[in-house]
Enquirer: 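Sharing a structure with you now.
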Amino acid sequence: MASLAKELSAAAGAAFEAMGLEARLGEVRRSDKPELADFQCNGAMAAAKAAGRSPREIAGEIAAALKAHALVLSAEVAGPGFINLRVSDAALSARAEAVRRDAMAGGEKAAAPERITLDFGGPNVAKPMHVGHLRSAVIGDTLQRLFRFLGDEVVSDTHLGDWGLQMGHLITELQDEQPSLIYFDSGFTGPYPAESPVTMDDLARLYPQASNKAKANEARNERSQKAVAEMQAGRAGFRALLTHFINVSVASLKQDYAFLNVSFDLWKGESDVDDLIPEVIERYKAKGLAVESGGAWIVPLAREGEHIPVEKNGEITYKNAMPPILLINSRGGTGYHTTDLATILDRVEHMGPAPDRIVYVVDQRQAQHFVQVFRAAEKLDLMPEDRLEHIGFGTVNGTDGKPFKTREGGVLRLADLNSMALEEAFRKIDAAGKLPEDMSAEERADVAHKVAVAALRFSDLMNTRITNYVFDLDRFTSFEGKTGPYLLYAAVRVKSVLRKAAEAGHQPGAVAVSEDAERALVLQLDGFGAALLGAREKRMPHILCEHLYSLAQAFSAFYGALPIASEADAAKRASRLALADAVRYQLETGLDLLGITVPERM
RNA sequence: GACUCCGUAGCUCAGCUGGAUAGAGCGCUCGCCUUCUAAGCGAGUGGUCGCAGGUUCAAAUCCUGCCGGGGUCACCA
């Protein structure tokens, strides 16, 4: 059975069509005014002008048609032409039962599923992930779960940054510290040691050292640039180091991701498409798309009306500029424009069936970069621009509204953020003192971890993706308000009620709603499918967050208003237990899509 | 300068393919645990939807201009 909203929309749409109007006018949604109606349809007002009739008159006819529908208890015209609908208790009862038995907990598959390559995470080798990486990881992973749930075929790839200047910094800095390492002996032909000469801590130390030196000293920077170019050109010792750097880094990255329940199908990186770069460059040159400019090779991308040169004080600047992509820099090296294009080539031509779409979950500040890459990809007929999609997101700010920093002013590492959240979860759990006495240390630690992850993931996902948000750990780990821990608590409480009932021999049975709190709960359950599809269509996980939060609230209100397991009347008790079970099922299903798991007790 | 995102309650934010009295959380004020987890629930408080025009029966929502803030603008990614 489809959702009530969908059934009613179809019925209203048919009624509009019967009047010679568009079916889409029949869209029915939850009422803004629960005291007036369960659902409403506003199409009559929109239709009035085209139909040349008064909106109330049209609404009257639609309402009359809807009254005949089996689900509808009443259909009334209000105000300028709103159609207010009430559905019957029987319809709500049947819907609740359907949700409880449904394979998707009341959700529905996407109408046009796609094969999607999802590129997110994007950590850099040797640079520990920082708080900025949280968003890509959490949003990307949630989209991955959501897309799969709705029927899309997803291949996720973390796309390591392992090909750029940072590798040159690491190589040269390591050379300064340990010049005798075999990797720097250009006469050595291998094989190189299997053991890495550096640890993750070494890398985390070497990179900022080199980066700071390079910023202050142009010659030092040149050395790094040169080293990258040599590595990219295939110098064996440098490539062996690269492999060590990647392996050491990936092991560390996996720990941070695992804490957050984030996973990837592929751990490919920029360096994996090394062998495709010459081909990409050749294709651009062969098509006459690449031009030489100042010792570099670029692909101009500006379109009509863009990129108008303006000369000022002898310097040329561009009005409305869409800069070209840099295919090869003046030192012969390639940057992330070129590796991104080679990666598209790889994904489209070398990795099994070509994806229908490639989706990148990357900081909004990269928006122009992706416009450039997408245009360039289309020019080469790799993939049409409209099948390439950048899902941008805002930055994570501190409570001062500026980009999040540690107390010392440095960038906060993701690993440290994870530990802070875990500590805070332990603190809040201790302060509440609500965990059962018999809970083992392991279970307690598991609960703390789940609370920490719920806090981090939910607080990130509940914000509109595109805007910046203020990170406030204390607020996010709170059990009060619109937080992950509140949702966890609500879900655990449903489970607890169901468990206690089962222990007492009470099972869920046929649903028969009658009370307001029961009706409100089922109406909320009914909105799951629309929330999922909306979240997928807009790539906005906060739509799902809102739904789940409202569901948890509706359950809490229901729980407060009516006895469930303790209801004396057996039929009512069985019905309410079934309702509770439907809520548990949908809540757990939805939270799982957010990467949040619910403990048995807390 | 160009492009882009944002400006809604004291704070943090939803709502923006136009529709009824603009919502939520926090905060603050009340009330509710001898029954299922009170980490909860109920009630109240609080808004010139940045400003000015325009389109419309109807604008937080669409259009134009302005003001304020963030971001980006070819050799780091």
Side-chain angles (χ1 to χ4, degrees), chain A residues 31-33 36 40 42 45-46 48-49 55 78-82 84 122 124 127 161 163-166 168-169 211 214 221 224-225 228 270 293-296 298 306 308 310 312 317-326 328-331 333-337 339-340 363-369 372 392 394-395 397 399 401-403 428-429 431-434 436 451 462-464 466-470 472 475 478-483 485-486 488-490 492-493 495-501 504 542-543 545-546 549-550 553 556-557 559-561 563-567 576 580 601-602:
Chain A
S31 174
D32 298 332
K33 316 255 159 230
L36 292 179
Q40 64 179 338
N42 298 346
M45 291 176 289
K49 186 161 277 182
F82 297 102
N84 284 333
N124 285 307
K127 287 195 255 182
W163 199 239
L165 182 63
Q166 83 268 25
H169 283 330
S211 177
N221 196 49
S224 294
Q225 293 275 13
V228 186
E270 295 171 327
S293 166
I298 62 172
E306 298 173 348
I308 302 160
V310 178
K312 194 169 67 181
T317 55
Y318 294 94
K319 188 187 171 199
N320 232 0
M322 178 53 68
I325 58 159
L326 190 64
I328 311 177
N329 68 28
S330 50
R331 293 171 201 85
T334 51
Y336 76 150
H337 281 128
T339 51
D340 277 4
D363 195 315
Q364 187 60 33
R365 287 176 292 192
Q366 303 282 335
Q368 185 176 260
H369 165 72
Q372 292 178 288
T395 56
N397 293 341
T399 40
K402 294 175 184 163
K428 293 258 160 73
I429 285 168
K434 299 281 184 181
V451 168
M462 70 176 275
N463 291 286
T464 317
I466 209 77
T467 55
N468 300 343
Y469 78 95
V470 175
D472 183 343
R475 185 155 61 85
S478 170
F479 285 87
E480 290 161 22
K482 202 184 266 187
T483 67
Y486 168 88
L488 236 38
Y489 174 74
V492 166
R493 198 161 54 165
K495 286 185 166 192
S496 172
V497 170
L498 290 166
R499 189 172 51 241
K500 287 262 168 67
H542 83 275
I543 296 171
C545 292
E546 288 288 344
Y549 178 70
S550 298
Q553 271 189 320
S556 289
Y559 175 91
I564 304 170
S566 52
E567 165 62 43
R576 288 181 194 156
R601 307 186 298 172
M602 63 182 264

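In what follows, every chain begins at residue 1, and chains take the letters A, B, ... in the order their sequences are listed.
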Enquirer: Take atom CD1 of A/Ile564 and atom C1' of B/U35, then tell me their distance rounded to the nearest Å.
Expert: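 From A/Ile564 CD1 to B/U35 C1': 12 Å.
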Enquirer: State whether the aromatic ring of A/Tyr486 stacks on the base of B/A39, taking stacking to mean ring centres under 5.5 Å apart and ring planes under 30° to each other.
Expert: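 Here the ring of A/Tyr486 and the base of B/A39 are not stacked, as the 5.5 Å and 30° limits are not both satisfied.
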Enquirer: Let me know the distance between OH of A/Tyr559 and P of B/C33, rounded to the nearest Å.
Expert: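 Rounding to the nearest Å, OH of A/Tyr559 and P of B/C33 are 15 Å apart.
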Enquirer: Tell me: NE2 of A/His337 to C1' of B/A74, nearest whole Å?
Expert: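 The answer, rounded to whole Å, is 7 Å.
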Enquirer: I'd like to know if the side chain of A/Ser224 reaches the main chain of A/Leu165, judged simply by a donor and an acceptor atom lying under 3.5 Å from each other, with no hydrogens or angles considered.
Expert: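 Answer holds: no.
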Enquirer: Taking the inter-plane angle between the rings of A/Tyr336 and A/His369 on a 0 to 90° scale, is it parallel (under 30°), tilted (30 to 60°) or perpendicular (over 60°)?
Expert: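 Geometry flag for A/His369 against A/Tyr336: parallel rings.
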Enquirer: Counting distance alone, no hydrogens or angles: does the base of B/A20 have a donor or acceptor under 3.5 Å from a partner atom on the side chain of A/Asn84?
Expert: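 Flag set: donor-acceptor pair detected.
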Enquirer: When all nucleic acid strands are considered with a 4.0 Å heavy-atom cut-off, which category describes A/Gly79: base, sugar-phosphate, or nothing?
Expert: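 Nothing: the residue A/Gly79, judged by heavy atoms under 4.0 Å, touches no strand.
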Enquirer: Mind calculating the distance between CZ (A/Arg493) and P (B/U37) to the nearest angstrom?
Expert: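 Taking CZ of A/Arg493 and P of B/U37, I get 9 Å after rounding.
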Enquirer: With a 4.0 Å cutoff (strictly under), does any side-chain N or O of A/Ser566 reach OP1 or OP2 of B/U35?
Expert: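 So the side-chain polar atoms of A/Ser566 never come under 4.0 Å of the phosphate oxygens OP1 or OP2 of B/U35.
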Enquirer: Looking only at the side chain of A/Ala565 (C-beta and beyond, no hydrogens), which of the listed nucleotides B/C36, B/C75, B/G42 gets closest?
Expert: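 Nearest to the side chain of A/Ala565 among the choices is B/C36.
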Enquirer: A/Asn42 CG to B/A58 C1': how many Å, rounded?
Expert: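 Atom CG in A/Asn42 sits about 12 Å away from atom C1' in B/A58.
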Enquirer: If you round to the nearest 0.5 Å, how far is CG of A/Asp363 from CD of A/Gln366?
Expert: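 Answer for the CD-CG pair, A/Gln366 versus A/Asp363, is 6.5 Å.
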Enquirer: Give one of base, sugar-phosphate or nothing for A/Gly161, where a contact means two heavy atoms less than 4.0 Å apart.
Expert: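 Nothing, no nucleic acid heavy atom in range.
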Enquirer: Any sub-3.5 Å donor-acceptor pair from A/Thr467's side-chain atoms to A/Thr464's backbone N or O?
Expert: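 Yes, because the side chain of A/Thr467 sits within donor-acceptor range (under 3.5 Å) of the backbone of A/Thr464.
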Enquirer: Where do N or O atoms of nucleotides 12-15 of chain B meet protein N or O atoms at under 3.5 Å, pair by pair?
Expert:
{"from": "B/U12", "atom 1": "O2'", "to": "A/Arg475", "atom 2": "NH2", "distance (Å)": "2.9"}
{"from": "B/C13", "atom 1": "OP1", "to": "A/Val470", "atom 2": "N", "distance (Å)": "3.4"}
{"from": "B/A14", "atom 1": "OP1", "to": "A/Thr464", "atom 2": "N", "distance (Å)": "3.2"}
{"from": "B/A14", "atom 1": "OP1", "to": "A/Thr464", "atom 2": "OG1", "distance (Å)": "2.1"}
{"from": "B/A14", "atom 1": "OP1", "to": "A/Thr467", "atom 2": "OG1", "distance (Å)": "3.4"}
{"from": "B/A14", "atom 1": "O5'", "to": "A/Thr464", "atom 2": "OG1", "distance (Å)": "2.9"}
{"from": "B/A14", "atom 1": "O3'", "to": "A/His542", "atom 2": "NE2", "distance (Å)": "3.4"}
{"from": "B/G15", "atom 1": "OP1", "to": "A/His542", "atom 2": "NE2", "distance (Å)": "3.1"}

Enquirer: May I ask you to evaluate whether A/Tyr336 reaches the phosphate of B/C75, defined as a side-chain N or O under 4.0 Å from OP1 or OP2?
Expert: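 No.
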Enquirer: How would you label the contact of A/Lys500 with the nucleic acid (heavy atoms, under 4.0 Å): base, sugar-phosphate, or nothing?
Expert: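 Here A/Lys500 touches the backbone only, sparing every base.
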Enquirer: Heavy atoms, side chains only, cut-off 4.5 Å: are A/Arg365 and A/Thr395 in contact?
Expert: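 When only atoms from C-beta onward are counted, A/Thr395 and A/Arg365 do touch, with a gap below 4.5 Å.
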Enquirer: Mark yes or no for whether A/Arg601, through its side chain, and A/Ser496, through its backbone, hold a donor-acceptor pair below 3.5 Å.
Expert: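 Such a contact is absent between A/Arg601 side chain and A/Ser496 backbone.
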Enquirer: Can you measure A/Gln366 atom CD to B/C5 atom P for me and round it to whole angstrom units?
Expert: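 Distance check: A/Gln366 CD to B/C5 P gives 17 Å.
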Enquirer: Could you check whether A/Asp363 gets within reach of a base, just the sugar-phosphate, or nothing at all, counting any heavy atom under 4.0 Å?
Expert: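 If one applies the 4.0 Å heavy-atom cut-off, A/Asp363 turns out to touch nothing in the nucleic acid.
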Enquirer: So A/Gly481, base contact, sugar-phosphate only, or nothing? Heavy-atom distance under 4.0 Å.
Expert: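 Result for A/Gly481 = sugar-phosphate.
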Enquirer: Measure from the side chain of A/Ser556, starting at C-beta and using heavy atoms only, and say which of B/A74, B/C75, B/C41 lies closest.
Expert: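 Selected nucleotide: B/C41.
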Enquirer: Would you indicate what A/Ser496 reaches in the nucleic acid, counting non-hydrogen atoms under 4.0 angstrom: base, sugar-phosphate, or nothing?
Expert: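 Result for A/Ser496 = base.
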Enquirer: May I ask you to say what A/Ala561 touches in the nucleic acid, namely base, sugar-phosphate or nothing, with a heavy-atom cut-off under 4.0 Å?
Expert: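 Nothing, no nucleic acid heavy atom in range.
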Enquirer: Since syn is defined as within 90° of 0, does B/C51 count as syn or as anti?
Expert: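 Chi for B/C51 falls in the anti range.
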Enquirer: If you measure from the P atom in B/C3 to the same atom in B/U8, how many Å do you get, rounded?
Expert: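 Here B/C3 and B/U8 have their P atoms 24 Å from each other.
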Enquirer: What's the spacing between A/Asn329 CG and A/Ile298 CD1 if we round to 0.5 Å?
Expert: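 Output value for this atom pair is 12.5 Å.
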Enquirer: When you measure from the side-chain N and O atoms of A/Gln372 to the phosphate of B/U72, is any distance below 4.0 Å, counting only OP1 and OP2?
Expert: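 For B/U72, neither OP1 nor OP2 has a side-chain N or O of A/Gln372 closer than 4.0 Å.
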Enquirer: Which nucleotide in the set B/C6, B/G27, B/A20 lies at the smallest distance from any side-chain heavy atom of A/Ile466?
Expert: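 For A/Ile466, the side-chain atoms sit closest to B/C6.
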Enquirer: Categorize A/Leu165 for me: base, sugar-phosphate, or nothing, with a 4.0 angstrom heavy-atom threshold over every strand shown.
Expert: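 Sugar-phosphate contact only.
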Enquirer: Nearest to the side chain of A/Lys33, which nucleotide is it out of B/A39, B/G23, B/U37?
Expert: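 The closest nucleotide is B/G23.
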Enquirer: Do any N or O atoms from the side chain of A/Glu270 and from the backbone of A/Thr339 form a donor-acceptor pair under 3.5 angstrom?
Expert: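 A pair under 3.5 Å: no.
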Enquirer: With distance as the sole test, does A/Gln372 use its side chain to make a donor-acceptor pair with the main-chain N or O of A/Pro324 at under 3.5 Å?
Expert: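 Indeed, once roles are kept as given, a pair shorter than 3.5 Å links the two residues.
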Enquirer: Strictly below 4.0 Å: does A/Lys49 bring a side-chain N or O up to OP1 or OP2 of B/C57?
Expert: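 Answer is yes, contact under 4.0 Å.
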Enquirer: Looking for any heavy atom pair under 4.0 Å, which part of the strands does A/Ala367 touch: base, sugar-phosphate only, or nothing?
Expert: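 Contact class for A/Ala367: none.
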Enquirer: Where does RNA chain B form stems of at least three consecutive Watson-Crick or G-U wobble pairs, each pair having both distances below 3.5 Å?
Expert: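 Output for stems: B:1-7 with B:67-73, B:10-13 with B:23-26, B:27-32 with B:40-45, B:50-54 with B:62-66.
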Enquirer: Mind checking what makes side-chain hydrogen bond (donor to acceptor under 3.5 Å, both in side chains) contact with A/Arg331, not counting sequence neighbours?
Expert: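 Counting only residues at least two positions away or on another chain, A/Arg331 forms a side-chain hydrogen bond (donor to acceptor under 3.5 Å, both in side chains) with A/Glu222.
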Enquirer: Could you go through the side-chain contact (heavy atoms from CB on, under 4.5 Å) check for A/Lys434 and A/Tyr489 one step at a time?
Expert: CA-CA 11 Å; A/Lys434 299 281 184 181; A/Tyr489 174 74; over 6 Å; no
Enquirer: Between A/Gln40 and B/G19, is there a contact of a side-chain N or O with OP1 or OP2 at under 4.0 Å?
Expert: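 So the side-chain polar atoms of A/Gln40 never come under 4.0 Å of the phosphate oxygens OP1 or OP2 of B/G19.
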Enquirer: Without decimals, in angstroms, what is the distance between A/Leu36 CG and B/G19 C1'?
Expert: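 Spelled out: CG on A/Leu36 to C1' on B/G19 is 14 Å.
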Enquirer: When you get a sec, tell me which of B/A74, B/A20, B/C75 is the closest nucleotide to the side chain of A/Ser293?
Expert: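 Nucleotide nearest to A/Ser293's side chain: B/A74.
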Enquirer: Starting at CD of A/Gln225 and ending at C1' of B/A74, how long is that distance when rounded to a whole Å?
Expert: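 That distance rounds to 14 Å.
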Enquirer: Would A/Thr483 and A/Arg475 count as a side-chain contact (heavy atoms from CB on, under 4.5 Å) if you check the C-alpha gap in whole Å, the side-chain angles of each, and the deciding distance to 0.1 Å?
Expert: CA-CA 8 Å; A/Thr483 67; A/Arg475 185 155 61 85; 5.7 Å; no
